Amino acid sequence: MQIITTPVALDQALAAEREAQKTIGLVPTMGALHAGHASLVSRSVSENDVTVVSVFVNPTQFNDKRDLDSYPRNLEADCALLESLGADIVFAPTVEAAYPEPDTRQFSYPPIDTVMEGGKRPGHFNGVCQIVSKLFLWTRPDRAYFGEKDFQQIAVIRAMVADQGFQLELRPCPIVREESGLAMSSRNALLTADERKTATNIYATLQASKDFAKEHTVAETHDFVVSTLNAINGLEVEYYEIVDGITLQPISDWQETADVVGCITVYCGVRPVRLIDNIRYKG
Ligand code: PAF
């Protein structure tokens with residue numbers, strides 16, 4: 001496994017692979033890898049000749065400097081895991097290598113990128129599109145792998161791929177959960193043992209809401225999730241939206257669309273740690 005830190009070196013490393021018509025899979029990550037990332041990497045390794053995993057905490061997608069500073073980083077452990085999974089290249093640029101000049105490009109895909117995370121984290125998806133488009137340009141992958149925990153991110157990247165004409169297949173991969181049901185996330189590392197237990201209520205409540213939804217309206221189901229979680233000490237819901245899985249617009253009736261997803265962001269603990277999750281009601 002090679003560890004590469006500049007776009008030029010990445011291009012050189014991939015030139016021979018492209019020449020030999022090898023397929024390239026890209027797994028973009030911000031490091032602090034866990035079993036969720038491992039599932040993306042394993043899928044890429046099984047579907048491509050060459051797997052590139054990028055490890056880069058992208059500053060342009062953080063609208064809160066404290067969040068950026070506290071984001072967990074552990075390149076050594078990440079590389080050990082990636083080697084064991086059969087990744088071929090780890091691309092871990094410095095901020096200067098990734099952004100030799102400030103990136104002034106603006107990516108805007110309303111209404112997909114204006115709701116939920118887009119509303120709560122202004123500029124977040126623009127930053128995601130800036131770095132992901134650079135990674136696509138540098139790697140020119142045949143397939144790119146993203147976890148469905150970041151449900152809205154996949155929708156925004158799909159819009160960006162269509163808009164920019166990238167010739168690649170997006171491969172959304174299912175959420176990987178801890179035994180407790182907590183969605184795997186690099187941010188879980190910031191939770192204390194007690195907070196981790198408290199955080200398991202998020203998925204438990206989302207799951208319970210699927211039964212609740214059978215006998216209740218969208219608005220009642222929304223309120224059930226928010227009030228159940230807010231009643232638990234140490235949890236505070238930032239938003240819960242029940243949306244059309246394609247347009248990401250809130251729905252008001254279960255019959256409105258065939259694809260319905262509930263997307264949630266919850267603050268957990270004293271720090272607090274911002275956790276996201278989602279559940280499919282239909283589709
Ligand atoms: O999902 C993430 O970890 C990041 O948003 C991504 C896609 C690697 C871009 O920095």
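We use all heavy atoms of the structure for the numbers below, so side chains are in, but hydrogens, waters and symmetry mates are not. Whatever order the structure lists ligands and atoms in, that order sets their numbers, starting from 1. Everything numeric in this text was worked out from a predicted model, so none of it was measured.
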Find all atoms of ligand 1 within a distance of less than 4.0 Å from any non-hydrogen atom belonging to [X], and give their numbers and elements.
X    : answer
P28  : 8 (C)
I131 : 9 (C), 10 (O)
T29  : 8 (C)
M30  : 3 (O), 4 (C), 8 (C), 10 (O)

- Please name the pair of heavy atoms, one in A155 and one in I112, separated by the smallest distance, quoted to 0.1 Å.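 Nearest pair, atom of A155 first, then I112: CB-CG2, 3.8 Å.
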- Report yes or no: is the cationic atom of R43 (NZ for Lys, CZ for Arg) under 6.0 Å from the centre of the six-membered ring of Y145, at an angle within 45° of the ring normal?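 That pair does not qualify as a cation-pi contact.
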- Message: Can you list everything that forms a ring pair (Phe, Tyr, Trp, His ring centres under 6.0 Å) with F107? Sequence neighbours excluded, please.
- Response: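 By the ring pair (Phe, Tyr, Trp, His ring centres under 6.0 Å) rule, F107 matches no residue at all.
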- Task: Have a look at Q153, Q61, K149 and point out the one with the heavy atom closest to atom 1 (O) of ligand 1.
- Result: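 Comparing heavy atoms across Q153, Q61, K149, the nearest one to atom 1 (O) of ligand 1 lies in Q153.
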- Query: Would you say the side-chain atoms of D113 pair up with the backbone N or O of G123, donor to acceptor, closer than 3.5 Å?
  - Reply: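 Checked: no pair found.
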- Message: Assess, by modelled atom type and distance only, whether the side chains of Y71 and N58 contain a donor and an acceptor separated by less than 3.5 Å.
- Response: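 There is no such pair between these side chains.
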